[in-house]
Amino acid sequence: MLHRNKYGKFLLNKKEIFIFVGFMKTHFRKNIDSWRRDYNREYFWISTQDPYYIWLRETMLQQTRVNQAAAYFNSFIKSYPTVHDLAAADEDDIMKLWQGLGYYSRARNLHTTAKHIVEEFNGIFPQDYDSLLALKGIGDYTASAIMSFSFGKPYVTMDGNVIRLFARYFGINGDVSRKAVKDEILRLANEMMHSFDPSVFNQAIMDFGAEICKWRSPECGNCPLNEKCIAFNKGIVDQLPVKKKKALKRKRYFNFLVIRSNDKFVIEKRSDNDIWKGLFQFPLIESNKVLAYEEIKSKLTEELKLKETDIKVNEEHQEYKQVLSHQMIYARYWTIESYKDYKSRNCISVDKLTLSLYAYPKVIDCYLKDNILI
DNA sequence: AATTCGGGGGT
DNA sequence: ACCCCAGAATT
């Protein structure tokens, strides 16, 4: 059935491909079904089809491991048991509860969409894909998750696990960051789902990707799909899926000014379209290199308009490094004794005892825990 | 299509 | 070091 073309690749005519893929589909469906029947993954969240819970859970799981999101999910449903509670919440409180989970636009979009559902839809989630997709923070994956897990409709949740599983099983060697390649995988997955319970199928393929068809050291030896898995039979499992290399990280130097007078501290909310939008920090001077003591002192008068007679700057050598997906943050801290209340930029003055009520990025939270709140 | 949004964890 | 993670929004 298989013969080679002049490039050495296997070539099939249309009819042969149809039959070949048909065999693979039957094999996949049969074996993924028997696998998931024996499989029992422990989940930390309650078993439910409530779209509010599904939406919240799937939003937290975007680019986030199950184990990392679980505790956050539980604290959210405790503080905000319904979409009405979330809609009525103070955004700073939501951010505080989200602190540490990352991708903070998710938390802001969560609030926006909760308010939208309460005000426009009387608290009822829309039950069609396009209406869900139109909501802030809901993309293809999350819309499909709500459609299948809450409403039992046949939409494939094509996450990283599913892309990896299908790229390997069908030996797809196109760059999976390209839309055409993802569309092809989605088409195959949709055919596979046919006549399955959509929620069972989605759960099965995502669990399978996470537990068996793992990125590194996948369990091909025990894999119930290995008989027809193209990547396995060609010995190229570790080469799939194909993805473009990541860009280099930008380096940024953050000089935080810990301004205190008596037991008051100055913090400000990040509002630019930049990392950590909506979180609080100490007043910041950013630079493209490490700044020396004298340079900091001159910037204080320039950028923060602090008078030298009103302050006393203490040298601080501690540095925290924070690695993000696209940036390296080198954070330094300068303690400043201020003899007057500092009021400038969008700063607020906060008592030491209430500092912990605000949401901070990790570099600030760690500094507070190590040096202030001890 | 490419880039940018965190932070934790595996290899 | 490097890459991934139950992705989405923006440019």
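Here is how names work: the chains are called A, B, and so on, in the same order as the sequence lines, proteins then strands, and each is numbered from 1.
- Within residues 135-158 of chain A, the residues having any heavy atom closer than 4.0 Å to DNA chain C are, in order of number, Leu135(A), Lys136(A), Gly137(A), Ile138(A), Gly139(A), Asp140(A), Tyr141(A), Thr142(A).
- Note on Lys362(A): a side-chain N or O is less than 4.0 Å away from OP1 or OP2 of dG8(B).
- Of the charged side-chain nitrogens involved, at least one lies within less than 4.0 Å of a carboxylate oxygen, so that Arg252(A) and Asp274(A) count as a salt-bridged pair.
- In 5' to 3' order, the nucleotides of DNA chain C bounding all contacts with chain A (an atom under 4.0 Å from a heavy atom) are dC3(C) to dT10(C).
- Contact check, Tyr104(A) against dG7(B): a side-chain N or O comes under 4.0 Å of OP1 or OP2.
- The residues Glu294(A) and Lys299(A) are annotated as not salt-bridged, no charged nitrogen and carboxylate oxygen being separated by less than 4.0 angstrom.
- Residues of residues 124-132 of chain A having a heavy atom closer than 4.0 Å to DNA chain B: none are found.
- For the segment residues 191-222 of chain A, residues with any heavy atom less than 4.0 angstrom from an atom of DNA chain B are, sorted by number, Arg216(A), Ser217(A).
- Taking a pair as Watson-Crick or G-U wobble with both distances under 3.5 Å, the runs of three or more consecutive pairs in DNA chain B are B:1-5 with C:7-11, B:7-11 with C:1-5.
- Residue contacts shown for Lys182(A) are absent, as no nucleic acid heavy atom lies under 4.0 Å away.
- Remark: Gln63(A) pairs with Tyr103(A) by the side-chain contact (heavy atoms from CB on, under 4.5 Å) rule, at least two apart or across chains.
- Contacts between residues 162-172 of chain A and DNA chain C, counted as heavy-atom distances below 4.0 Å, involve Arg164(A).
- The aromatic ring centroids of Phe256(A) and Trp334(A) lie 6.0 Å or more from each other.
- Remark: Asp274(A), Ile275(A), Trp276(A) in residues 266-277 of chain A come within less than 4.0 Å of DNA chain B through at least one heavy atom.
- A heavy-atom distance below 4.0 Å to DNA chain C is reached by none of the residues of residues 30-38 of chain A.
- Annotation: ring pair (Phe, Tyr, Trp, His ring centres under 6.0 Å) contacts of Trp215(A) (sequence neighbours excluded): none.
- The residue among Leu101(A) and Arg178(A) whose nearest nucleotide of DNA chain B is located toward the 5' end is Arg178(A).
- The ring-ring contact (aromatic ring centres under 6.0 Å, His included) contacts involving residues 152-192 of chain A comprise Phe28(A)-Phe166(A), Phe28(A)-Tyr169(A), Tyr129(A)-Tyr155(A), where partners must be two or more places apart or lie in separate chains.
- Looking at residues two or more places apart in sequence or on another chain, you find no side-chain contact (heavy atoms from CB on, under 4.5 Å) involving Ser217(A).
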